[in-house]
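To start, the structure itself, in structure tokens.
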2 protein chains.
Amino acid sequence: MTRTPLIFAAGVFYPGGEHITGWRSPAAEPTAYLDIDYYTRFAQTAEAGRFATLFLADELYVWDRFRSGIDHGVNVRLEPFTLLSALSQVTSRIGLAATVSTTYNEPYHAARKLASLDHLSAGRAAWNLVTSASDEEARNFGREAHLEHATRYRRGAEFVEVVNGLWDSWDDDAFVFDKRSGRFADRSKLHVLDHRGDHFAVRGPLNIPRPVQGHPPLFQAGASEAGRDLAGRTADAVFTLGGGDLAGGRAQYDDYKRRAVAAGRTGDDLSVLPWFSPIIGATAAEAEERFRELARLTPDRVQVDLLSHYLGHDLGDRDLDGPFDFEFDLDSFNQSKSGYAAIQSLSAQGSFTIRELAWEVLRRRFTLGTPDTLAAHLIEQYEQRAADGFILMAPTLPDTLEAFVGEIVPRLTDHGIYPAEYEGDTLRDHLGLARPRGRYAA
Amino acid sequence: MTRTPLIFAAGVFYPGGEHITGWRSPAAEPTAYLDIDYYTRFAQTAEAGRFATLFLADELYVWDRFRSGIDHGVNVRLEPFTLLSALSQVTSRIGLAATVSTTYNEPYHAARKLASLDHLSAGRAAWNLVTSASDEEARNFGREAHLEHATRYRRGAEFVEVVNGLWDSWDDDAFVFDKRSGRFADRSKLHVLDHRGDHFAVRGPLNIPRPVQGHPPLFQAGASEAGRDLAGRTADAVFTLGGGDLAGGRAQYDDYKRRAVAAGRTGDDLSVLPWFSPIIGATAAEAEERFRELARLTPDRVQVDLLSHYLGHDLGDRDLDGPFDFEFDLDSFNQSKSGYAAIQSLSAQGSFTIRELAWEVLRRRFTLGTPDTLAAHLIEQYEQRAADGFILMAPTLPDTLEAFVGEIVPRLTDHGIYPAEYEGDTLRDHLGLARPRGRYAA
């Protein structure tokens, strides 16, 4: 079997780009962050670059744990389904992936919205499962504190099971629409799920026909042990933080593929898409200068508060130029365990002041280079099987996406690993995934 | 103050029209019920007719209580926000009203989706509060039975309070987007709701700026005592079943206006929009024949099962030609109390067989006439203050909406009570409502 060509997802978390103060960059257009035209340009640029999908990251709260988050952060976030559904009407090929928190949603609503978006977009919907990570989110939904890590992953796994089951409520050929006989549907092709589990009791059936794609693809980004396990069993693609050097990336890639195989699937059923946040310059020196410019736009306060946030511990009253001597305790930490572990690992690599570590955490998010070196990096990662593709988290928008599509994409196409045109029609096609049959289909 | 001109909302419950087997009518296009183009034509036709808003009714289950519902009913229902958001991109003036069940949703999600749709549509979003009515819905959300009637209305009232509070999280001028200073927002203009009530605990703030309309308009249709009370206190418009004759309609209209005044508002703050489901013929005889044709498309089984549904009691094993001798007990009934009461009142008006009563219930939903008589009816209702406008629930689609816009709307415009062009920009403008200030604004 031929390997699926290189895959790109165009991610957005902050509307101004992945960098929290990317909205201050010269090309940024912060007054347009509520404007559908801004997102339309983003989607159409990504579609011109044959991206498999848009990908809307999401959180269910305002980052007000620190004052700097209100003063300087981008607290403007359109709801993913509403935005993607609007974008379905101004695009025709690119996928539309919405983040869904399985901790603060109901599977019936999620299954229905995804099926609806899939029908409205002729087979381009997808979802990104997150379990959420902050107590602030819990407090917007009637709880004082966030669910414990293992519990929220068990709930997430059950959520997926219910959603998949609801999508199969009606066989693909259940609806006959026969005006003459008056038969709208064939009753023998309707199935009542009647799910009763530890976290959900959902009878079904779903009140919409089976999605165009059967099951819209499932993305995940969990990198903890529980997260990797869930991805191996259920995800169609996983976003990773990358594995550092090539050997690390290959090891991470192999780990995910192995987990898929262990779950009775094939390695091809799960695409591995590392995070890629390029800072592009005509020369290496220009890229470096761009990074420094961007870093200068981020007040120290924001960098340290972000570090405090990732660690679940406020470092703000310490001397920023004193040593970083934090006591890590991964087991009892209840936000993103993988982000926490990455900082632990980084801090062990040398001796840092708090300010230096905050800077280094920021720096590690980006890959600096020229179009040639960045393209070569992507090609190597793909060919050496450290990646099946990438999620592009542009540090600044709209300029980085435009430069990527204009200068890097053509190099990948010339190299023969990236398509010159969209081939299939649905997002599953773009990801090289077959359409699953209904579980009850004869 | 001048009275707001006549208002129309274009409703959809079944995609083929309000009549459950309208999908069998000659003009119906049942194979298009998942097709965005079908809904685009609907929305654009309504917009050509200067309708204030689209209105998507909704339920959260498949009507499988009776086999006939699966065999003959239209169990294809796109999720309202997904559909309306897509339609926001192919329309420019018409409102976009989505039904939200306050029993099976979280206020944070609802506030956010409505704010998002309002920004994406430049001020055209609205919501229709329902408390849901069926045990089947409960079973899709982890409960065995539906909440008791009074409880679900109390929950609904608190839901509105939380949503309005979340919308005011940011003052209108809270965002400054100042690249030079790095200030994105003015912290003094952010407010933490910290709601703690009987049904919800929601800290806030909402992660999206205040909606274009301040508060997207709130529609309701509750007609029970609890429903009317909630509408009087909180709704911007109420959909009613109409009050029968003109005197009944005026009494109902006055009742709603009185309740608004009693709640410290003005009568103009609450528009009363009776249900209007016209069967249009070139002559009265032709309209009558159309009704009979449509009724013939509805199998007896469906008519009786619908009646059984409204009564919460299966009449299916009785002799359909035997007398209807049902024992009503409104107090203990837990679905739609107003629908139940309407059947009780109708059945007391004569002696009916089950079949006759089912037929009569169906018939009462429609108003038969010619363009002249129907226009005269609407004008009288408006001028005599039995209505501020109407929700058009076309029995069949797309033909009835097209005929209404083509033949009835021009008569209303000629009469001077219906606008020849959209005047304002937002849905609040179309409804004659001022934009509310944020509760904290100086």
Side-chain angles (χ1 to χ4, degrees), chain A residues 21 23-24 28 30-31 34 36 59-62 64 67 70-79 81-83 85-86 88-90 104 106 108-109 112-113 116-117 119-120 136 139-142 169 175 177 179 182-185 187 190 192 200-209 297 299, chain B residues 21 23-24 28 30-31 34 36 59-62 64 67 70-79 81-83 85-86 88-90 104-106 108 112-113 116-117 119-120 136 139-142 169 175 177 179 182-185 187 190 192 200-209 297 299:
Chain A
T21 48
W23 69 271
R24 297 181 68 187
T31 58
L34 287 169
I36 180 66
E59 286 181 344
L60 301 168
Y61 75 113
V62 167
D64 64 353
R67 301 193 329 192
I70 302 302
D71 291 341
H72 306 295
V74 181
N75 287 300
V76 164
R77 196 178 295 292
L78 291 162
E79 189 278 324
F81 281 96
T82 331
L83 177 53
S85 193
S88 75
Q89 301 307 296
V90 294
Y104 302 112
E106 292 284 343
Y108 198 90
H109 287 314
R112 188 177 179 217
K113 283 188 289 189
S116 192
L117 182 60
H119 284 294
L120 291 171
E136 285 89 342
R139 295 186 195 117
N140 289 330
F141 297 92
S169 294
F175 291 92
F177 310 115
K179 280 189 184 186
R183 281 240 305 203
F184 193 83
R187 199 191 318 142
L190 172 64
V192 175
F200 302 105
V202 181
R203 178 181 178 267
L206 197 62
N207 57 355
I208 184 168
L297 294 176
Chain B
T21 47
W23 69 271
R24 296 181 68 187
T31 59
L34 287 170
I36 180 64
E59 288 181 342
L60 301 168
Y61 74 113
V62 167
D64 64 352
R67 303 194 326 192
I70 304 300
D71 292 341
H72 307 296
V74 181
N75 288 300
V76 163
R77 196 178 294 291
L78 290 162
E79 189 277 326
F81 282 96
T82 332
L83 177 54
S85 193
S88 75
Q89 300 308 297
V90 295
Y104 302 112
N105 277 289
E106 291 284 344
Y108 198 90
R112 189 177 179 217
K113 284 188 289 187
S116 192
L117 181 60
H119 285 293
L120 291 171
E136 285 89 342
R139 293 186 196 118
N140 288 330
F141 296 93
S169 294
F175 291 92
F177 311 116
K179 280 190 186 185
R183 282 240 305 203
F184 194 84
R187 199 191 317 142
L190 171 64
V192 175
F200 302 105
V202 180
R203 177 181 178 268
L206 197 63
N207 58 354
I208 184 168
L297 294 176

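Proteins get letters first, then strands, A, B, ... in listed order; numbering begins at 1 in each.
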Less than 4.5 Å apart, any side-chain heavy atom of [X] and any of [Y]?
| X | Y | result |
| --- | --- | --- |
| B:F175 | A:T31 | no |
| A:H119 | B:I36 | no |
| B:S85 | A:F81 | no |
| B:I208 | A:L78 | yes |
| A:N75 | B:N207 | no |
| B:E106 | A:N140 | no |

Give a yes or no on whether the ring-centroid distance for B:Y108 and A:F141 is below 6.0 angstrom. yes

So, A:H109 versus B:Y104, ring centres under 6.0 angstrom or not? no

Do you know which two heavy atoms are closest between B:E59 and A:R112, and how far apart they sit? O-NH2, 3.9 Å

Which one, [options], leads in non-hydrogen pairs under 4.5 Å with chain A?
| options | result |
| --- | --- |
| B:G204, B:S169, B:P209, B:A86 | B:A86 |
| B:F184, B:Y61, B:F177 | B:F184 |
| B:V192, B:L190, B:D64 | B:D64 |

Output the distance between atom CD (B:Q89) and atom OG (A:S88), rounded to the nearest 0.5 Å. 8.5 Å

What is the distance from atom CD1 of B:I70 to atom CZ of A:R183, rounded to the nearest 0.5 Å? 12.0 Å

Please determine if A:R187 and B:D71 form a salt bridge, counting it only when a charged side-chain N lies under 4.0 Å from a carboxylate O. yes

Apply ring-ring contact (aromatic ring centres under 6.0 Å, His included) to A:F200 and list each qualifying residue two or more places apart in sequence or on a separate chain. A:F159

Between A:T82, A:V202, A:V90, which residue shows the highest count of heavy-atom pairs closer than 4.5 Å to chain B? A:T82

Based on non-hydrogen pairs under 4.5 Å, which of A:L83, A:L206, A:L117, A:V74 is most in contact with chain B? A:V74

For B:R24, the side-chain contact (heavy atoms from CB on, under 4.5 Å) test, sequence neighbours excluded, returns B:T21, B:L297, B:P299

So, the side chain of B:K179 versus the backbone of A:P30: is there a donor-acceptor pair under 3.5 Å, distance only? no

